[in-house]
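A short worksheet on the structure shown next.
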Amino acid sequence: MSEQQLVRREKLAKLQAQGRDPFAMLTWNQSHHSVEIKQNFEQLENKDVSVAGRIMSFRDIGKAAFIDLQDRDGRIQLYLNAEQLGPEQYAEIKTWDVGDIVGAEGYVFRTKRGEISVHAKRLVLLTKALEPLPEKFHGLKDPEIRYRRRYLDLIMSPEVMETFKKRTLIIRAIREFLDNRGYIEVETPILSTIASGAAARPFVTKSNALNLQLYLRIATELYLKRCIVGGMERVYDMGKNFRNEGIDIRHNPEFTMIELYEAYTDYKGMMELCENLVAYAAQKVCGATKLSYQGTEIDFTPPWRRLTMSDAVKEYGGIDFSSVRTNEEAQALAKEKGFEHELKKKLKDCTKGDILNAAFEFYAEEHLIQPTFIMDYPTEISPLTKQKPGDPTMTERFEAFVYGREIGNAYSELNDPIVQLDRFTQQSKERELGDDEAYQLDEDFVASLEVGMPPTGGLGIGIDRIIMFLTDAYSIRDVILFPTMKPNS
RNA sequence: GGGCCGUUAGCUCAGCUGGUAGAGCAGCAGACUCUUAAUCUGCGGGUCGGAGGUUCGAUCCCUCCACGGCUCACCA
C-alpha cells in the first residue's frame with residue numbers, strides 16, 4: 001500500500017474513532033446540480049442550494065479555501081471561509097482529500113474573479129476516498145487503466161462521461177424512432193442450443209440443469225422471424241450479441257446489435273428505414289446529420305448513395321463481373337488480378353459469387369467513406385435472403401457502409417421453407433469444406449416458415465459502430481464502458 | 001496468431017555510452033481571507049512489469065513470460 005493510501009486510512013480511522021464515520025452516512029438531499037446552478041445564476045443568486053459530489057481540487061489560501069466539486073453534470077466551486085464555518089469544522093475540512101465525496105449547503109454567489117460558486121455554510125464528508133485520484137492536469141492517460149478501471153476514466157475525463165451519456169441518448173432515439181413506427185421491442189434468447197443467423201464462431205457454455213451444451217447468441221434473426229410468423233408484424237431486439245472472434249478497434253466479443261423485421265416490405269423499405277433511423281439519431285443527439293469523424297466530414301442526410309456490389313467492383317476495381325459467366329472464368333480473373341489471397345476457400349472451390357464478394361472487399365470497401373448502400377449480394381453468401389426476381393445467383397440484400405466500415409445488413413427475408421432448407425444444406429457443405437462459420441441448420445425455424453411468414457424486410461445495425469460515428473470515437477472500446485480484457489495478473 | 005511499440009513514485013513523464021534513479025502534480029509539515037494547473041518554504045515516497053542470462057556491476061544489453069497499445073491476418 002502506498003504512503004498516500006496509508007495516510008488516508010489513518011484519517012479515516014481518526015474520524016471513526018470520533019464517531020464520525022463517513023461510511024455510516026446514508027443520504028444527502030441534492031437540491032441542485034453543478035451546471036444547473038451556473039445556467040440559472042440570475043434566479044439562484046443569494047439563494048440557498050444543496051449540492052454533492054467529489055472533491056476534484058482543493059485550494060487552501062489560509063483562512064479561506066476553494067473546492068472544485070464534481071457531480072454528474074460537471075463542476076461547481078465551493079467557497080469556504082474559516083470565520084463562518086468555525087475554527088473546528090474548518091480545521092477538519094482541511095484534512096479532507098481530493099477524491100473525497102462531500103455534501104455542501106450554502107448560497108449561490110459570484111466570486112471577485114467571476115466564478116459562480118456556492119458559499120458553503122455546512123459541509124459533510126459523505127464518503128472517504130482511500131485511493132488518490134490520477135494527476136489533475138494530465139488526467140488518466142494509460143489506456144489499460146482507462147479500460148480496466150473505467151470509473152477512474154469517468155471521473156477524470158468529462159469527454160468520456162459525455163460519450164457514454166450520448167450512448168444512452170442514441171439508443172433512446174433509436175427506440176423512439178421505431179416505437180413511433182409501430183414496432184414492438186421483444187427479447188429473444190441469449191442462450192440457445194443452436195447459434196445461427198450469422199457467420200461467426202459462438203461462445204460455448206453449459207446448462208447444469210439440462211446437462212446440455214448451449215451457445216451464446218451470435219444473432220437474433222431466426223427468433224425475430226418467428227415473431228413475424230407469429231403475427232407481430234414489426235419487431236426488434238436491441239441487445240448484446242457474442243462472437244468468439246478477434247478483438248480490435250472495431251470488434252469486441254460482446255457488442256450491441258439491433259435487428260428489426262417488418263412484414264409486407266422488402267430490402268428497399270429497409271434502406272429507407274436505415275438511413276432515416278441513423279439520421280434521426282444523429283439529428284436528435286448531435287443536432288446535425290453532417291458530422292466530423294476522425295477529421296472527415298460524413299453526411300448522414302438521406303438519401304444515401306445506392307450502388308450494386310457488381311457496380312462497386314466495376315467502379316473501384318475496373319472489373320466487370322456482368323460479363324463473367326462461369327465459376328472457372330471468375331477463378332481465372334481472381335488469379336489474374338491477384339486478389340485470390342482474399343478468398344477464404346481454395347480457389348477451385350470458389351464460386352463466381354464468392355469471388356465477386358472478395359473483389360468487392362479488396363477493391364471497393366475502403367472507398368465507401370460517405371454512407372453507401374451496397375446492394376445485391378451473391379446467393380451463396382446470403383443463405384437467409386430472397387433471390388432477385390429473374391436472377392437466382394443474386395439476392396435482395398444490402399449492407400450499409402460508412403468510412404469503409406460495415407454498419408448494417410439487410411434482406412428481403414427468405415420465406416420459402418423449401419428453399420430455406422436447401423440453403424441450410426448448402427451451408428452444411430460449406431462447413432464440410434472447412435468453413436466453421438457456416439450457418440447452422442435450425443429445424444424449428446424452417447418449421448416456422450412452413451406455418452407461413454409474410455413477405456418481410458429485415459435489418460441489423462451495429463449499435464456500437466453507430467455510436468462511434470456519432471461520438472467521433474476512434475475505437476469500439478471508447479464506446480463500451482467495460483470492454484473485454486484479459487485478467488491482469 | 002505475426003510484426004512494431006510500451007510497462008520507471010498514487011498519476012503524467014525524464015533517465016545519454018551499463019556505475020542500483022529524477023521532475024511536475026499528488027502527499028506530509030508550515031505560511032497565506034477571492035483562488036481556479038493558486039502561490040511560497042521545507043520534507044518523505046521506488047521489488048524500474050516478472051523470471052532467467054551476460055557482466056566486477058543491469059532501469060539500460062540478451063532470452064523467455066505477463067499485460068497493454070497500434071497494425072496485419074481473422075472477423076460483418
Side-chain angles (χ1 to χ4, degrees), chain A residues 1-8 10-11 55-69 75-85 90 94-95 97-99 109-117 119 129-149 152-153 155-156 197-201 218-219 221 241 243-253 255 257 341-342 344 357 360-361 365 374 377 381-382 397-401 404-410 435-437 460-462 464-465 474-477 483 485-489:
Chain A
M1 202 182 300
S2 74
E3 179 196 12
Q4 298 195 42
Q5 285 170 298
L6 288 170
V7 167
R8 287 177 183 229
E10 279 163 24
K11 288 176 176 176
I55 298 176
M56 296 305 289
S57 79
F58 198 111
R59 291 179 294 281
D60 171 9
I61 52 165
K63 294 197 167 55
F66 296 88
I67 285 174
D68 289 333
L69 195 72
R75 293 185 183 186
I76 184 83
Q77 180 173 265
L78 306 180
Y79 173 68
L80 283 60
N81 186 303
E83 225 168 274
Q84 277 145 338
L85 290 165
Y90 189 74
K94 282 195 177 192
T95 70
D97 290 296
V98 169
F109 78 113
R110 200 191 277 276
T111 64
K112 286 173 189 165
R113 293 289 188 92
E115 179 87 16
I116 294 167
S117 307
H119 190 125
L130 297 179
E131 185 183 317
L133 289 178
E135 206 253 337
K136 65 182 173 188
F137 185 61
H138 296 92
L140 181 62
K141 289 269 170 63
D142 185 339
E144 187 169 350
I145 302 176
R146 287 188 49 226
Y147 297 144
R148 280 192 202 283
R149 309 187 70 194
L152 289 175
D153 199 24
I155 292 166
M156 298 310 296
R201 282 185 293 261
I218 57 173
E221 174 147 7
N241 280 359
R243 296 188 182 176
N244 210 340
E245 310 281 3
I247 300 175
D248 64 26
I249 217 145
R250 271 160 279 176
H251 298 87
N252 195 63
F255 61 101
M257 172 102 123
H341 58 276
E342 295 292 305
K344 285 150 201 160
N357 185 53
F360 167 73
E361 287 175 6
E365 217 172 63
I374 296 297
Y377 278 62
I381 60 166
S382 312
R397 171 181 180 184
F398 74 79
E399 288 190 350
F401 287 88
R405 300 172 186 174
E406 187 219 328
I407 60 160
N409 182 18
D435 180 1
D436 56 356
E437 291 174 357
I461 297 175
D464 307 288
R465 290 187 182 175
Y474 178 66
S475 166
I476 195 167
R477 287 183 208 109
M485 304 281 276
K486 281 192 187 181
N488 60 353
S489 60

How long is the gap from CG on A:Leu6 to CE on A:Met1, to the nearest 0.5 Å? 5.5 Å
Once you apply a heavy-atom cut-off of 4.0 Å, does A:Met156 come out as touching a base, just sugar-phosphate, or nothing? nothing
Side chain of A:Tyr147 (C-beta onward), nearest among B:U35, B:G69, B:U71: B:G69
So what does A:Ser2 touch, heavy atoms closer than 4.0 Å: a base, only the sugar-phosphate, or nothing? sugar-phosphate
Check every strand shown and say whether A:Glu135 touches a base, only sugar-phosphate, or nothing at a heavy-atom separation below 4.0 Å. base
Report which part of the nucleic acid A:Gln5 touches: base, sugar-phosphate, or nothing (heavy-atom distance under 4.0 Å, all strands). nothing
Determine whether any donor atom in the side chain of A:Glu115 lies under 3.5 Å from an acceptor atom in the base of B:U35, or the reverse, and answer yes or no. no
Which part of the nucleic acid, if any, lies within reach of A:Ile249 when heavy atoms closer than 4.0 Å are counted: base, sugar-phosphate only, or nothing? sugar-phosphate
Using heavy-atom distances to pick each residue's nearest nucleotide on RNA chain B, tell me which of A:Asp142 and A:Ile247 is more 5'. A:Asp142
Check every strand shown and say whether A:Gly139 touches a base, only sugar-phosphate, or nothing at a heavy-atom separation below 4.0 Å. sugar-phosphate
For the base of B:U36, is there a side-chain donor-acceptor partner from A:Asp68 under 3.5 Å away? no
Pairs counted as Watson-Crick or G-U wobble with both distances under 3.5 Å: what dot-bracket string results for RNA chain B, using | for bases tied to another strand? (((((((..((((.....[..)))).(((((.......))))).....(((((..]....))))))))))))....
Categorize A:Glu131 for me: base, sugar-phosphate, or nothing, with a 4.0 angstrom heavy-atom threshold over every strand shown. nothing
Counting any heavy atom closer than 4.0 Å, what does A:Tyr90 reach on the DNA or RNA strands: base, sugar-phosphate only, or nothing? nothing
Does a distance-only test, which skips hydrogens and angles, find a donor-acceptor pair under 3.5 Å between the side chain of A:Ser57 and the base of B:U36? no
May I ask you to say what A:Arg8 touches in the nucleic acid, namely base, sugar-phosphate or nothing, with a heavy-atom cut-off under 4.0 Å? nothing
Touch check for A:Arg243, heavy atoms < 4.0 angstrom, all strands: base, sugar-phosphate only, or nothing? sugar-phosphate
Between B:G68, B:C34, B:U36, which nucleotide has the shortest distance from any of its atoms to the side chain of A:Tyr79? B:C34
Donor-acceptor pair (no angle test) under 3.5 Å: A:Asp248 side chain, B:C74 base: yes
Please state whether the base of B:A26 and the side chain of A:Gln4 form at least one donor-acceptor pair under 3.5 Å? yes
Side-chain donor or acceptor of A:His138 under 3.5 Å from a matching atom on the base of B:C11? no
Under 4.0 Å, heavy atoms only, any strand: does A:Arg477 hit a base, just the sugar-phosphate, or nothing? sugar-phosphate
